[in-house]
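Because the structure is a prediction, the values reported are computed rather than measured.
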Amino acid sequence: MLKNLVRTLLCCIIIAVSVCPVSASQGYLPTDEDKDRVKQEMETIVATELDEADGLSFNVGVSGYDLENIQKVYFLVGSPVKTYCEAKSVEAIISDRYIFRVPVATETGKSLVAVLTEDASTGNLTFSGIGEDYFVYSDAIVKSIEEKGLNPDNVQNTVVTYSALYRAYFVFFDYENESYCIPHTQQADEIKLQNGLVYTTEDLFSQMNKTFDETILEKNPNSNGGLPYRETNAATLIVMGVASVIAVALIILYKVRKKKSVK
């Protein structure tokens, strides 16, 4: 009897742990295992002279790195808008591929960010470049959430993602059974989103779907890329234009006839 009770309690604990949500302060931060992997690779880079070939327009020597503020960023699938609109699921648009962004200090005192990627064949992290930093960190994420009127302490399942197609970061999180997203991009005007603003995930992708049609790229895999703006049907515009002219003409004719009948 006692053994059965203990066994039942253990099962309950395991289930509770497995479904425990990730808090906002932990969801986008690497694990200790991740940090160990990053540290191993970064040790080979410190004090190494990096030249323009490493993605910079100037030579730089890395003098140190910040292990506590590294971020794990997941890539979105190639057609995130189309995929989300079909699946209605954030999980469906997040791929297994990711990078680590590591803040580094340089010999000149300039702060930059190193990027580490995982080798698909070995699973080891490799240095893939270093450059100017462009991203919003945890304090800015919390600020956006507070400005939305939400309590950061109640945020769950936060994950930082990046879309190569839109050259944009999307920070997803859950709040009271609703999925939200904070976009950050250097081409906010083109994507028609406001940086740092909290959208519901449904509203964000609905808005993007009105602007972009990713099937254009799927039908033209050999294209040079670029944002797949939704094409406007010229024939439809012509019909609408003609209909508008006819409608205006009928209104004018009606008013003229009415004026004459009054006389």
Side-chain angles (χ1 to χ4, degrees), residues 28 71 73-99 101 115 117 131-132 134-136 140-141 144-145 147-150 155 157-175 177-251:
Y28 52 87
Q71 286 187 322
V73 182
Y74 284 86
F75 286 98
L76 295 185
V77 296
S79 302
V81 175
K82 177 176 177 290
T83 303
Y84 180 84
C85 290
E86 291 175 350
K88 301 298 182 182
S89 167
V90 173
E91 288 77 10
I93 66 174
I94 300 177
S95 73
D96 294 330
R97 297 173 52 240
Y98 59 83
I99 60 172
R101 293 171 52 84
V115 176
T117 59
E132 302 288 345
Y134 176 75
F135 191 62
V136 56
I141 295 174
S144 293
I145 292 172
E147 289 179 348
K148 180 68 175 179
L150 306 179
V155 167
N157 305 324
T158 308
V159 60
V160 176
T161 68
Y162 179 77
S163 170
L165 175 59
Y166 298 101
R167 290 185 292 170
Y169 290 94
F170 295 96
V171 182
F172 295 99
F173 64 90
D174 294 333
Y175 190 92
N177 299 319
E178 180 72 73
S179 176
Y180 292 89
C181 183
I182 309 172
H184 286 276
T185 173
Q186 291 177 304
Q187 48 184 8
D189 292 338
E190 291 87 342
I191 298 181
K192 303 185 186 306
L193 295 174
Q194 184 175 334
N195 281 336
L197 185 67
V198 176
Y199 297 80
T200 66
T201 302
E202 179 66 27
D203 286 347
L204 183 140
F205 281 102
S206 177
Q207 180 173 324
M208 291 188 70
N209 192 44
K210 293 176 182 178
T211 305
F212 304 106
D213 179 9
E214 294 170 351
T215 59
I216 295 174
L217 297 180
E218 294 176 1
K219 294 175 182 177
N220 300 278
N222 297 323
S223 66
N224 293 325
L227 292 176
Y229 287 104
R230 189 171 291 281
E231 297 177 347
T232 303
N233 191 313
T236 301
L237 288 178
I238 293 174
V239 171
M240 291 176 62
V242 172
S244 299
V245 171
I246 293 174
V248 172
L250 289 174
I251 292 172

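Ala168 and Ile191 get closest at one heavy-atom pair: CB-CD1, 4.2 Å. Shown here for Leu193 and Pro183, the closest heavy-atom pair between the two residues is CD1-CB, 4.0 Å. Contact between Ala188 and Asn195 at its shortest, heavy atoms only, is CB-ND2, 4.0 Å. For the pair Ser95 and Phe75, the tightest heavy-atom approach, listed with the atom from each and the gap, is OG-O, 2.8 Å. Across all non-hydrogen atoms, the minimal contact from Val90 to Ser179 is CG2-OG, 3.5 Å. The two residues Ala92 and Thr83 make their nearest non-hydrogen contact at O-CG2, 3.7 Å.
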Take Ile182 and Leu197, measure what side-chain contact (heavy atoms from CB on, under 4.5 Å) needs, and give me the verdict at the end.
-> CA-CA 6 Å; Ile182 309 172; Leu197 185 67; over 6 Å; no
Would Val77 and Ile94 count as a side-chain contact (heavy atoms from CB on, under 4.5 Å) if you check the C-alpha gap in whole Å, the side-chain angles of each, and the deciding distance to 0.1 Å?
-> CA-CA 6 Å; Val77 296; Ile94 300 177; over 6 Å; no
For Phe172 and Leu76, what are the C-alpha separation, side-chain angles and deciding distance, and is it a side-chain contact (heavy atoms from CB on, under 4.5 Å)?
-> CA-CA 12 Å; Phe172 295 99; Leu76 295 185; 4.2 Å; yes
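Ring orientation note: the planes of Phe212 and Tyr229 are tilted relative to one another, at an angle of 30° to 60°.
For the pair Val73/Arg101, a side-chain contact is recorded, criterion being any heavy-atom separation below 4.5 Å from C-beta on. Side-chain contact between Thr117 and Tyr98: absent, with no pair of heavy atoms (C-beta onward) separated by less than 4.5 Å. Two residues are said to be in side-chain contact when any heavy atoms from C-beta on lie closer than 4.5 Å; Thr201 and Tyr84 meet this criterion. Contact of the Tyr166 side chain with the Leu227 side chain is registered, since non-hydrogen atoms from C-beta on lie closer than 4.5 Å. Side-chain atoms of Asn220 and Leu217, non-hydrogen and from C-beta on, never get closer than 4.5 Å to each other. Two residues are said to be in side-chain contact when any heavy atoms from C-beta on lie closer than 4.5 Å; Pro228 and Asp213 fail this criterion.
Using a distance-only test at 3.5 Å, with no hydrogens or angles considered, a donor-acceptor pair links the side chain of Glu214 to the main chain of Val81. At distances below 3.5 Å, at least one donor-acceptor pair connects side-chain atoms of Thr185 with backbone N or O atoms of Arg167. Counting only distance, with no hydrogens or angles, the side chain of Ser144 and the backbone of Gly196 share a donor-acceptor pair below 3.5 Å. Glu178 places no side-chain N or O within 3.5 Å of a backbone atom of Thr200 that could act as its donor or acceptor partner. Put simply, the side chain of Arg230 gets close to the backbone of Asn209: a donor and an acceptor are under 3.5 Å apart. Using a distance-only test at 3.5 Å, with no hydrogens or angles considered, no donor-acceptor pair links the side chain of Asp174 to the main chain of Asn157. Panel note: side chain Asp203, backbone Tyr199; no donor-acceptor pair is recorded below 3.5 Å.
Counting heavy-atom neighbours within 6.0 Å of Lys192 NZ, excluding the residue itself, gives a total of 12 or less.
In this structure, NZ on Lys148 lies 6.5 Å from OH on Tyr180, to the nearest 0.5 angstrom. Put simply, SG on Cys85 and CD on Glu202 are 7.0 Å apart, with the number rounded to the nearest 0.5 Å. Residue Tyr169 holds its OH atom at 11.5 Å from OG of Ser163, rounded to the nearest 0.5 Å.
For Ser79 and Glu218, the side-chain atoms include at least one donor-acceptor pair closer than 3.5 Å.
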